[in-house]
Amino acid sequence: MMAPATAQMTSVPVIIALPGNEAFAQALANAGAGELGAIETRSFPDGESYVRLACDVAAKSVLLVSTLARPDEGFLRLVFLADAARSLGATAVTLIAPYLAYMRQDRRFRSGEAITSRTFARLISSSFDRLVTVDPHLHRYPALSALYEIPALTLHAAPLLAEWIAASVADPLIIGPDEESEQWVSAIAAKIGAPHAVLRKIRHGDRDVEIAFPDLSSSSGLQPVLVDDIASSGNTLIEAARKLPPLGFARPDVAVVHGIFAGDSYTRLAPLCGRIVSSDSVSHPSNAIGLARLVTDALAIADAPDPELVRHRRPPEPLDDVERAGIDSFPASDPPSWTGGVE
Ligand SMILES: O=P(O)(O)OC[C@H]1O[C@@H](O)[C@H](O)[C@@H]1O
């Protein structure tokens with residue numbers, strides 16, 4: 001059942017964190033997205049999940065907060081909570097998933113494979129009224145609306161990454177490790193007035209990538225900064241990072257949106273790099289770029305009856321250029337709005 005995108009503006013939203021997402025939920029509450037609500041979760045002796053909403057959600061908008069990194073572990077609890085909130089009278093249940101999982105299997109690479117991006121989107125769409133996420137891996141999909149049947153807000157962290165680079169790195173050379181990253185690195189480079197380069201990646205397997213470099217001799221003396229959307233096995237960044245010193249560059253700094261850093265990837269990458277930073281879409285020691293204010297402000301604007309009015313009516317903490325750019329469709333400048341879904 002679809003709730004209208006703006007139906008929930010009458011009362012203060014209830015923010016509920018799935019286990020492991022408490023810090024992000026608290027940051028959303030601090031930014032003004034709503035009030036924290038409590039839950040109880042545990043496992044029965046047979047391994048099944050128990051969940052309980054320990055807060056009142058009747059006639060309220062519920063924001064369920066869960067990064068979807070390692071989604072298989074927590075998925076059932078997530079949909080159980082969403083279903084409980086709906087059946088207890090929530091006006092709308094919004095999934096705040098700063099990292100959206102299962103975007104990368106977007107076609108059958110070998111016969112018989114499940115296209116998990118589609119299945120996962122159907123499952124999420126059947127449990128939630130709306131979805132908010134940051135930089136979903138839209139490689140072969142033009143937009144989330146091509147996959148998800150519910151209204152979605154797609155936000156972008158690139159302006160925040162650009163801000164970190166501008167403040168932290170002198171004379172940067174922004175480097176994208178593959179063609180997909182061209183969209184972010186060119187926008188970031190343009191924003192901070194730095195040169196950029198895009199490498200070429202050939203993926204041979206889940207953990208097996210080969211990276212080819214263009215001629216970077218005209219950029220010698222600059223500090224390389226590798227920028228990517230996801231660090232998963234870390235091998236894309238590792239392969240790019242280890243080839244830079246032999247070309248005469250310093251060890252690169254790294255800025256990624258989603259620092260999953262599976263297994264020992266971070267410890268293998270760290271010795272090859274200077275600083276490694278990520279957004280807090282996935283909790284990790286490298287988190288240095290908070291996304292909660294971006295999400296909160298985008299929700300406020302997208303849910304407002306007149307986004308233009310709200311945009312000019314926020315005297316206490318006006319958005320600065322960086323936040324504004326991340327909220328707007330990146331790199332275009334339309335105000336954020338719910339896209340997709342069946343109204
Ligand atoms: O190489 P790992 O870290 O496993 O995977 C992350 C890379 O794979 C791509 O889909 C992402 O855009 C990123 O470049």
Side-chain angles (χ1 to χ4, degrees), residues 67-72 97-110 113 115-118 120-121 133-144 146-147 154-158 160-161 165 174-189 196-214 224-244 252-273 276-279 281-287 289 330:
T67 181
L68 290 174
R70 301 174 186 88
D72 298 18
Y99 172 70
L100 183 58
Y102 281 114
M103 289 299 292
R104 295 202 284 171
Q105 180 91 38
D106 53 9
R107 66 180 166 105
R108 266 186 254 287
F109 300 95
R110 297 173 60 209
E113 285 179 344
I115 303 176
T116 48
S117 53
R118 281 194 210 152
F120 192 71
T133 191
V134 180
D135 289 318
H137 189 78
L138 292 167
H139 183 187
R140 279 169 279 258
Y141 292 114
L144 275 188
L147 258 185
T154 305
L155 306 176
H156 303 281
L160 297 169
L161 266 53
I165 295 167
I174 313 300
I175 301 179
D178 55 24
E179 287 90 344
E180 282 168 63
S181 63
E182 160 80 36
Q183 52 187 314
W184 306 295
V185 294
S186 59
I188 289 173
H196 76 278
V198 174
L199 313 182
R200 205 165 67 82
K201 177 168 80 184
I202 303 162
R203 187 176 278 288
H204 299 295
D206 294 354
R207 295 167 191 274
D208 184 7
V209 295
E210 192 184 325
I211 305 271
F213 276 65
V225 184
L226 288 165
V227 173
D228 208 352
D229 62 339
I230 302 172
S232 178
S233 75
N235 286 343
T236 297
L237 291 169
I238 288 168
E239 280 310 296
R242 76 181 178 80
K243 285 190 169 164
L244 281 160
D253 293 318
V254 169
V256 292
V257 181
H258 308 297
I260 295 174
F261 293 115
D264 63 353
S265 58
Y266 188 76
T267 49
R268 287 189 297 122
L269 176 65
L272 304 171
C273 300
I276 303 175
V277 296
S278 61
S279 85
S281 67
V282 181
S283 178
H284 187 267
S286 62
N287 290 171
I289 296 164
F330 188 77

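Indexing begins at 1, ligand by ligand and atom by atom, following the structure's order.
If you look at Asp178 next to ligand 1, the close heavy atoms, those under 4.0 Å, all belong to the side chain.
Every atom of ligand 1 is numbered from 1 in the order shown, and the set under 4.0 Å from a heavy atom of Gly234 is 2 (P), 3 (O), 4 (O). The ligand atoms of ligand 1 that sit less than 4.0 angstrom from a heavy atom of Lys201 are 7 (C), 8 (O), 9 (C), 13 (C), 14 (O). Within ligand 1, counting atoms from 1 as listed, the ones closer than 4.0 Å to a heavy atom of Arg203 are 1 (O), 2 (P), 5 (O), 7 (C), 8 (O). With ligand atoms numbered from 1 in the order given, ligand 1 contributes 1 (O), 3 (O) to contacts under 4.0 Å with heavy atoms of Asn235. Here is the list of ligand 1 atoms found below 4.0 Å of a heavy atom in Glu180: 12 (O). Taking every non-hydrogen atom of His137 and a distance limit under 4.0 Å, the qualifying atoms of ligand 1 come out as 9 (C), 10 (O), 11 (C), 12 (O).
Taking only non-hydrogen atoms, the option from Ala231, Ser265, Ser233, Gly205 nearest to atom 4 (O) of ligand 1 is Ser233.
Residues Leu100 and Pro136 come closest through the heavy atom pair CD2-CB, 4.1 Å. Across all non-hydrogen atoms, the minimal contact from Ile211 to Phe213 is CG2-CE1, 3.9 Å.
For atom 10 (O) of ligand 1, the nearest non-hydrogen atom of the protein is Arg104 NH1, 3.1 Å. In terms of protein heavy atoms, atom 11 (C) of ligand 1 is closest to Asp229 OD1, 3.3 Å. The protein atom (non-hydrogen) at minimum distance from atom 1 (O) of ligand 1 is Thr236 OG1, 2.5 Å.
Heavy-atom separations between His139 and ligand 1 are all 4.0 Å or longer. Assignment of Arg207 to the shell around ligand 1 is not supported, since no heavy atom sits closer than 4.0 Å. Proximity of Asp228 to ligand 1 is established by a heavy-atom distance of less than 4.0 Å.
The side-chain heavy atoms of Leu155 and Asp135, taken from C-beta on, include no pair separated by under 4.5 Å. Counting heavy atoms from C-beta on, the side chains of Leu147 and Ser117 come closer than 4.5 Å.
Using cut-offs of 30° and 60° on the angle between ring planes, the pair His284 and Phe261 is tilted.
A donor atom on one side chain and an acceptor atom on the other are found under 3.5 Å apart for Ser281 and His258. Judged purely by distance below 3.5 Å, without hydrogens or angles, the side chains of Ser278 and Asn287 pair a donor atom with an acceptor atom. Using modelled atom types, one finds no donor on one side chain facing an acceptor on the other under 3.5 Å when comparing Tyr99 with Thr133.
Considering backbone and side-chain atoms alike, Pro177 places every N or O at 3.5 Å or more from each N or O of ligand 1.
Residue Arg107 places its CZ atom among more than 12 non-hydrogen atoms of other residues, nucleotides or ligands, all under 6.0 Å distant. Residue-environment remark: CZ (Arg268) exceeds the threshold of 12 foreign heavy atoms within 6.0 Å.
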